[in-house]
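Reading through the structure tokens given below for one structure.
Quick caveat: nothing in here was measured; it's all calculated off a predicted structure. Computation of the quantities below employed the complete heavy-atom set of this structure, encompassing side-chain atoms and omitting hydrogens, waters and symmetry-equivalent molecules.
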Amino acid sequence: QVQLVESGGGLVQAGDSLRLSCAASGRTFSSYAMGWFRQAPGKEREFVAAISRSGGRIYYADSVKGRFTISRDNAKNTVYLQMNSLKPEDMAVYYCAADSSRRIGLSTRRYEYEYWGQGTQVIVSS
């Protein structure tokens, strides 16, 4: 069991940067691959980025590739999402999620993540 709490969301202008954090409870954080998802108003929750247990493998959605960076600090039980060059279409509630399956690859599927945070809202004005 792991509890996830996102933070760092807020109101920014287009072109600005923002870093989201996801703090995890428990002593087995390094056993979970981690992912970031987002849900914009009127849209389904979509995959943003994922990172493997040790941080050695990373995967991004095409919509954020080159602008967003996912990272993790297992000593701090925290995963980050650095968001640069924010666009109005990035406006959404961002969720972090933990994948306990220990699969070989990285998952982009919502249903393959067992634990979820409550989300943090990112508002991008133009």
Side-chain angles (χ1 to χ4, degrees):
Q1 181 70 38
V2 60
Q3 184 175 353
L4 306 174
V5 180
E6 302 96 336
S7 63
L11 174 63
V12 298
Q13 293 184 331
D16 285 354
S17 297
L18 200 62
R19 189 178 75 161
L20 306 182
S21 298
C22 175
S25 65
R27 302 173 181 176
T28 59
F29 177 71
S30 62
S31 297
Y32 302 103
M34 299 294 296
W36 284 97
F37 292 76
R38 67 186 183 186
Q39 188 166 17
K43 299 183 67 176
E44 294 294 316
R45 192 171 301 183
E46 65 176 357
F47 170 80
V48 176
I51 186 168
S52 62
R53 293 179 292 275
S54 64
R57 289 177 290 114
I58 291 172
Y59 192 78
Y60 298 100
D62 288 341
S63 59
V64 306
K65 193 175 301 181
R67 299 188 298 120
F68 290 11
T69 302
I70 187 172
S71 62
R72 67 190 297 162
D73 187 341
N74 287 348
K76 296 181 178 179
N77 278 17
T78 303
V79 62
Y80 305 95
L81 185 68
Q82 177 67 44
M83 305 184 294
N84 297 329
S85 302
L86 282 163
K87 305 174 181 179
E89 50 262 46
D90 295 319
M91 183 169 63
V93 176
Y94 283 73
Y95 301 87
C96 72
D99 177 8
S100 64
S101 69
R102 301 195 180 192
R103 69 183 75 253
I104 299 300
L106 293 174
S107 176
T108 64
R109 306 284 189 159
R110 289 179 290 124
Y111 56 83
E112 292 183 332
Y113 287 83
E114 184 176 4
Y115 305 106
W116 292 83
Q118 292 184 321
T120 185
Q121 188 170 27
V122 174
I123 302 174
V124 184
S125 64
S126 60

Check your understanding: Honestly curious: do Val93 and Trp116 fall in one hydrophobic cluster under the side-chain, below-4.5 Å linking rule?
Key -> yes

Review point. More than 12 heavy atoms of other residues, nucleotides or ligands under 6.0 Å from NZ of Lys65: is that the case?
Key: yes

Review point. Salt-bridged, Asp90 to Lys87, with N to O below 4.0 Å?
Key: no

Review point. In Å and rounded to the nearest 0.5 Å, what is the OG to CZ distance from Ser30 to Arg72?
Key: 7.5 Å

Check your understanding: What are the two closest heavy atoms between Arg103 and Gly105, and how far apart are they?
Key -> CG-O, 2.9 Å

Practice item. Using a 4.5 Å cut-off on heavy atoms from C-beta on, say whether the side chain of Gln13 contacts that of Ser125. Key: yes

Practice item. Decide yes or no for Leu20 and Val122: does some side-chain heavy atom of the first lie under 4.5 Å from some side-chain heavy atom of the second? Key: yes

Check your understanding: If you look at every heavy atom in Val2 and Ser25, which pair is closest and at what distance?
Key -> CG2-O, 3.3 Å

Review point. Would you say Tyr60 and Arg67 make side-chain contact, with heavy atoms under 4.5 Å?
Key: no

Practice item. Could you check if a side-chain atom of Glu6 sits within less than 4.5 angstrom of a side-chain atom of Tyr94, using non-hydrogen atoms only? Key: no

Check your understanding: What's the spacing between Arg53 CZ and Thr28 OG1 if we round to 0.5 Å?
Key -> 12.0 Å

Practice item. Apply the ring-ring contact (aromatic ring centres under 6.0 Å, His included) test between Tyr113 and each candidate in Tyr95, Phe37, Phe47, Trp36; give the one that qualifies. Key: Phe37

Exercise for review: Please round to the nearest 0.5 Å and tell me the distance separating atom OG1 of Thr120 and atom CG of Leu18.
Suggested key: 8.0 Å

Review point. Taking the side chain as C-beta and beyond, is there a heavy-atom pair between Asn84 and Ser17 under 4.5 Å?
Key: yes

Review point. Which atom names give the shortest non-hydrogen contact between Ala24 and Leu4, and what distance separates them?
Key: CB-CD2, 3.6 Å

Study note, to complete from the structure: Correct closest heavy-atom pair for Ser126 and Ala14 would be CA-CB, 4.4 Å

Exercise for review: Could you grab the distance from atom CG of Asn77 to atom CD of Gln3, nearest 0.5 Å is fine?
Suggested key: 12.5 Å

**Study point:** Co-membership, hydrophobic cluster, residues Tyr115 and Met34, 4.5 Å side-chain
**Key:** yes

Exercise for review: Using the rule that two of Ile, Leu, Val, Met, Phe, Trp, Tyr join whenever any of their side-chain heavy atoms come within less than 4.5 Å, decide whether Leu81 and Ile58 are in one cluster.
Suggested key: yes

Review point. Short question: side chain of Arg57, backbone of Ile104 - any donor-acceptor pair under 3.5 Å?
Key: yes

Exercise for review: Report the distance from atom CD of Glu112 to atom OG of Ser101, rounding to the nearest 0.5 Å.
Suggested key: 6.5 Å

Exercise for review: Would you check, one step at a time, whether the test side chain to side chain contact (heavy atoms under 4.5 Å, CB included) holds for Met83 with Val12?
Suggested key: CA-CA 11 Å; Met83 305 184 294; Val12 298; over 6 Å; no

Review point. Hey, are the side chains of Lys76 and Ser21 touching, using non-hydrogen atoms and a 4.5 Å cut-off?
Key: no

Review point. Roughly how far, to the nearest 0.5 Å, is the OH atom of Tyr80 from the SG atom of Cys96?
Key: 12.0 Å

